[in-house]
There are 4 protein chains.
Amino acid sequence: MHSKVKNRAEDKVKSIVEDKDPELVTKRRMQLVEAAIGQFSRVGYYVATIKDIADAAGVSAGLVYQYIPDKQDLLFLCLQHIVERNKREIPAALEGVKDPLSRLVVAVESYTRVIAANRNAVLLTYRETKSLKPEYVALMKRMELDTNALIAACVEDCVKAGYLIPTHIELLVYRIITNAHAWALKYWRLRPIVTLNQYIELSMHSCWMPLMTPAGQKRYDQIKNTSTKRKS
Amino acid sequence: MHSKVKNRAEDKVKSIVEDKDPELVTKRRMQLVEAAIGQFSRVGYYVATIKDIADAAGVSAGLVYQYIPDKQDLLFLCLQHIVERNKREIPAALEGVKDPLSRLVVAVESYTRVIAANRNAVLLTYRETKSLKPEYVALMKRMELDTNALIAACVEDCVKAGYLIPTHIELLVYRIITNAHAWALKYWRLRPIVTLNQYIELSMHSCWMPLMTPAGQKRYDQIKNTSTKRKS
Amino acid sequence: MHSKVKNRAEDKVKSIVEDKDPELVTKRRMQLVEAAIGQFSRVGYYVATIKDIADAAGVSAGLVYQYIPDKQDLLFLCLQHIVERNKREIPAALEGVKDPLSRLVVAVESYTRVIAANRNAVLLTYRETKSLKPEYVALMKRMELDTNALIAACVEDCVKAGYLIPTHIELLVYRIITNAHAWALKYWRLRPIVTLNQYIELSMHSCWMPLMTPAGQKRYDQIKNTSTKRKS
Amino acid sequence: MHSKVKNRAEDKVKSIVEDKDPELVTKRRMQLVEAAIGQFSRVGYYVATIKDIADAAGVSAGLVYQYIPDKQDLLFLCLQHIVERNKREIPAALEGVKDPLSRLVVAVESYTRVIAANRNAVLLTYRETKSLKPEYVALMKRMELDTNALIAACVEDCVKAGYLIPTHIELLVYRIITNAHAWALKYWRLRPIVTLNQYIELSMHSCWMPLMTPAGQKRYDQIKNTSTKRKS
DNA sequence: AATGAATGAGAATTCATTCAT
DNA sequence: GATGAATGAATTCTCATTCAT
């Protein structure tokens with residue numbers, strides 16, 4: 001069911017570039033998506049014109065339509081790009097990390113940092129997802145759930161390993177996620193009162209810290225010692 | 001400085017209605033703001049047309065311009081209305097509640113409930129605040145801080161009363177606020193997994209629960225007992 | 001079946017003017033249709049711009065869309081207007097004419113004359129009917145058949161009255177119709193070689209003259225005598 | 001004067017292919033003209049894109065401009081091709097036919113059949129000739145007159161031979177021509193009520209049959225007998 | 001010769017805003 | 001005070017045409 005929606009939507013995006021050089025298509029799309037994220041972030045979907053975006057990308061307005069069916073699809077490609085970039089970071093950061101609690105710490109931190117690094121892009125997803133047509137909104141939700149699942153797995157492993165007390169996992173994940181997003185959404189106020197590192201310590205980890213078992217507590221102290229030593 | 005900005009913006013809003021019956025002006029504005037919140041929430045600021053809004057309000061398109069300088073200002077009036085409604089609820093709920101911890105519990109719950117009750121309106125503030133001109137954005141931020149201050153005061157009193165350990169108050173308040181907003185922002189996923197009451201218990205109160213002193217813990221149990229008894 | 005198509009098409013045309021003063025709507029539509037017939041005739045459907053048409057009608061481009069859903073519909077209204085004008089002429093001319101053969105003569109002549117008087121408009125129907133969407137093409141065909149039926153009735157009555165020998169009526173009607181249209185279609189060559197009156201005598205009437213019975217012949221001579229006398 | 005117009009137009013068409021292999025030019029032009037007739041007939045001149053036509057011809061869009069100066073000229077080449085094809089058929093059919101009345105019968109029938117065989121192409125000439133620039137329109141008219149002259153000669157010979165009574169020859173030819181075209185123009189209605197053979201008998205020949213002398217009548221019976229016998 | 005990527009001019013359409021009634 | 005007709009600026013999207021490869 002889900003793959004059907006996905007395919008239909010992706011078919012449309014693909015249809016106009018059927019007989020084009022795939023490498024050029026990828027390059028142009030990236031160029032356009034990056035320019036579009038910039039413009040959409042700056043002034044919003046409706047105020048940003050295709051001409052603006054084309055100018056920002058250094059191409060003609062007409063060229064946009066050789067690679068993107070219409071403005072809607074460009075927005076979708078932007079939001080997709082943003083969400084996938086956010087998601088991609090987590091597995092990369094977890095690479096080689098074995099201990100469940102370490103994995104949770106790393107996942108939360110890497111996710112928060114990628115959100116922080118793409119603050120305006122994250123804002124864009126909050127502001128403009130509604131501007132997509134329903135089939136694309138469904139796709140965006142699916143992608144968000146995919147991301148959540150990565151963190152949920154870390155939490156679950158911590159529970160299984162006896163580091164965290166059993167809890168409503170998805171709800172906890174949502175607290176983590178929305179707190180990370182809050183850094184982007186309320187940056188104007190948070191940045192003046194804390195640094196990102198403080199924010200991660202005080203707000204992000206405090207989501208799950210209270211749920212730690214004594215074993216988890218002990219493990220966490222080891223982790224912090226190690227990471228502190230490594231840093232120094 | 002802040003009041004100067006405010007005055008300039010409000011002057012503009014007032015100028016066109018100088019010679020009109022103030023009661024009618026208030027009535028018409030409410031009518032329009034409510035219709036506009038409905039339309040803006042449904043389809044967004046740019047897609048909603050003045051004609052749509054006028055129709056929804058049961059008046060002609062021309063009339064809108066007798067009471068609102070332009071579409072931008074209508075959006076501002078809407079967002080202002082939403083934020084003030086959210087803020088207004090807290091003092092009303094705190095009325096007569098004396099105990100600092102009870103006040104915090106009540107403040108958090110009443111705020112969360114008003115957010116939940118005006119879910120779409122809250123979404124609107126997240127989506128469309130950027131569409132305002134800078135001077136209005138500044139005003140919106142100021143109003144948000146005013147609301148936060150109400151909760152911050154409750155937290156502060158709890159700390160003073162020895163119920164909560166000293167903490168970064170404004171940061172804690174932001175965690176409370178953004179968790180409340182998360183109910184609106186992620187309703188599509190949260191509602192299927194928890195009820196609002198569960199959400200308040202599991203997510204809202206868990207922001208500050210871990211910060212409680214033993215005295216706070218004890219006080220909280222009493223509060224819960226009382227409220228449980230009262231309900232039964 | 002036919003009326004369903006008709007209604008759907010007409011609904012669309014009506015929908016945008018639902019709450020407007022019907023008199024003004026009629027006036028504006030006529031104004032636009034007349035300007036559009038002029039422009040479409042002059043340069044064709046695709047070359048004529050809405051701006052051209054609006055200018056020709058003495059209104060702004062935006063106004064067009066208050067009365068016409070889109071350019072396609074404007075074309076349809078034009079073609080409909082032309083065909084109905086052509087059709088309307090026949091019953092008016094037949095008013096009070098009783099003799100079957102006289103009716104046929106009058107019908108053919110009045111039809112040919114209205115075609116001749118609206119030469120460019122008729123050309124337009126030939127050139128641009130294909131530009132309509134299928135549902136409108138179907139409507140146009142239906143209207144053409146309605147017109148043909150008026151002449152077919154005259155032929156049929158002549159056969160019944162014994163003035164014409166039995167023949168394939170609809171085919172004969174089509175020869176009359178297309179010969180009339182030929183005056184418009186080939187005006188550039190016909191006008192230099194014959195007058196309209198000659199054309200009617202030599203080409204139009206020669207469609208059915210050979211099919212006359214002796215009684216018809218006799219009747220026809222009487223008619224011509226009368227009309228000649230009346231003229232002299 | 002006429003040849004001057006012709007030359008100017010044709011010069012333009014020739015200029016871009018000056019230094020190319022003439023055989024390839026002819027081949028490519030045919031390829032493009034045939035593809036273009038297909039597309040123009042199907043959707044009309046303005047809706048058919050150069051890309052569509054190039055695709056239909058199995059070449060790239062860029063190649064078109066190596067053989068055709070612009071879209072206008074392609075249309076002209078198409079219409080010219082159609083008219084010349086129609087014209088070419090008549091002399092071929094008359095080959096070896098000596099008797100004047102037979103020649104007229106053959107000319108009318110062969111012309112009608114070629115029109116019927118290229119129905120959509122004929123429609124195209126009616127719809128799109130106006131889209132040409134004036135100098136091309138003049139050329140098209142000239143070619144139509146050339147075709148007419150072929151039939152006019154047959155009629156004239158019949159008159160000279162005493163088979164037809166003297167008449168307005170060019171007007172008669174126009175009735176023949178436009179009746180033939182009517183099969184294409186009104187195919188949607190004619191085909192459901194008669195076959196092409198019936199149409200030729202009932203509509204085409206009835207243009208000139210009433211003008212036959214007794215000698216013509218007699219000759220015609222012989223022709224029909226022969227042709228009937230030959231067929232059986 | 002052939003390709004197809006890129007351009008940019010142009011057209012339909014929408015809608016905030018004005019203003020005569 | 002209220003209306004809604006009229007305006008016109010602005011935007012998306014298309015496609016003939018060019019040109020480097």
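Proteins come first, then strands; the chains are lettered A, B, ... in the order of their sequence lines, and each starts at number 1.
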If you assign B:Gly58 and D:Thr49 each to the DNA chain F nucleotide with the nearest heavy atom, which residue ends up on the more 5' nucleotide? B:Gly58

At under 4.0 Å, does any side-chain N or O of C:Tyr67 touch on OP1 or OP2 of F:dA6? yes

Write down the partner of E:dT21 under the Watson-Crick or G-U wobble criteria, each distance required to be under 3.5 Å. F:dA2

Give the rounded distance in Å between these two atoms: CD1 of C:Ile68 and P of F:dA5. 15 Å

I need the CD1-P distance between C:Ile50 and E:dT14, as an integer number of Å. 11 Å

Answer with base, sugar-phosphate or nothing: what part of the nucleic acid does C:Lys20 contact at a heavy-atom distance below 4.0 Å? sugar-phosphate

Side-chain donor/acceptor of C:Gln66 to base of F:dA6, under 3.5 Å: yes

What is the distance from CG of B:Asp55 to P of E:dA16, rounded to the nearest Å? 12 Å

Rounded to whole angstroms, how far apart are CD on D:Gln72 and P on F:dA16? 12 Å

Searching all strands shown, indicate the nucleotide that pairs with E:dA11 (Watson-Crick or G-U wobble; both distances under 3.5 Å). F:dT12

Do B:Tyr46 and B:Ser131 touch side chain to side chain, with heavy atoms closer than 4.5 Å? yes

Where each residue is assigned the nucleotide of DNA chain F containing its nearest heavy atom, which of B:Leu24 and C:Ser60 is assigned the position nearer the 5′ end? B:Leu24

Taking the side chain as C-beta and beyond, is there a heavy-atom pair between A:Glu135 and A:Leu139 under 4.5 Å? no

Would you kindly give the CD1-to-C1' distance between D:Ile53 and F:dT17, to the nearest whole Å? 14 Å

Regarding A:Lys20 and the six-membered ring of A:Tyr67, is the cationic atom NZ or CZ under 6.0 Å from the ring centre and inside 45° of its axis? yes

For the pair D:Tyr126 and C:Tyr126, name the ring-plane relationship: parallel under 30°, tilted 30 to 60°, perpendicular over 60°. tilted

Here the distance between atom P of E:dA6 and atom CG of A:Asp21, to the nearest Å, is 10 Å

note: B:Tyr46, atom OH; E:dT13, atom P; distance rounded to Å ~ 24 Å

Taking the nucleotide of DNA chain E with the nearest heavy atom to each, does A:Ala61 or C:Ala48 sit closer to the 5' end? A:Ala61

Using a heavy-atom cut-off of 4.0 Å across all strands, would you classify B:Ala54 as base, sugar-phosphate, or nothing? nothing

Among the nucleotides F:dA6, E:dT14, E:dT17, which one has an atom lying closest to any side-chain atom of C:Leu63? F:dA6

Find the distance between CD1 (A:Ile82) and CD (A:Gln80) and round it off to the nearest 0.5 Å. 10.5 Å

Are D:Arg28 and E:dA2 close enough that a side-chain N or O sits under 4.0 Å from OP1 or OP2? yes

Nearest whole angstrom, please: distance from the C1' of F:dT17 to the CG of D:Asp70. 9 Å

Is any side-chain N or O of B:Tyr65 closer than 4.0 Å to OP1 or OP2 of E:dT17? yes

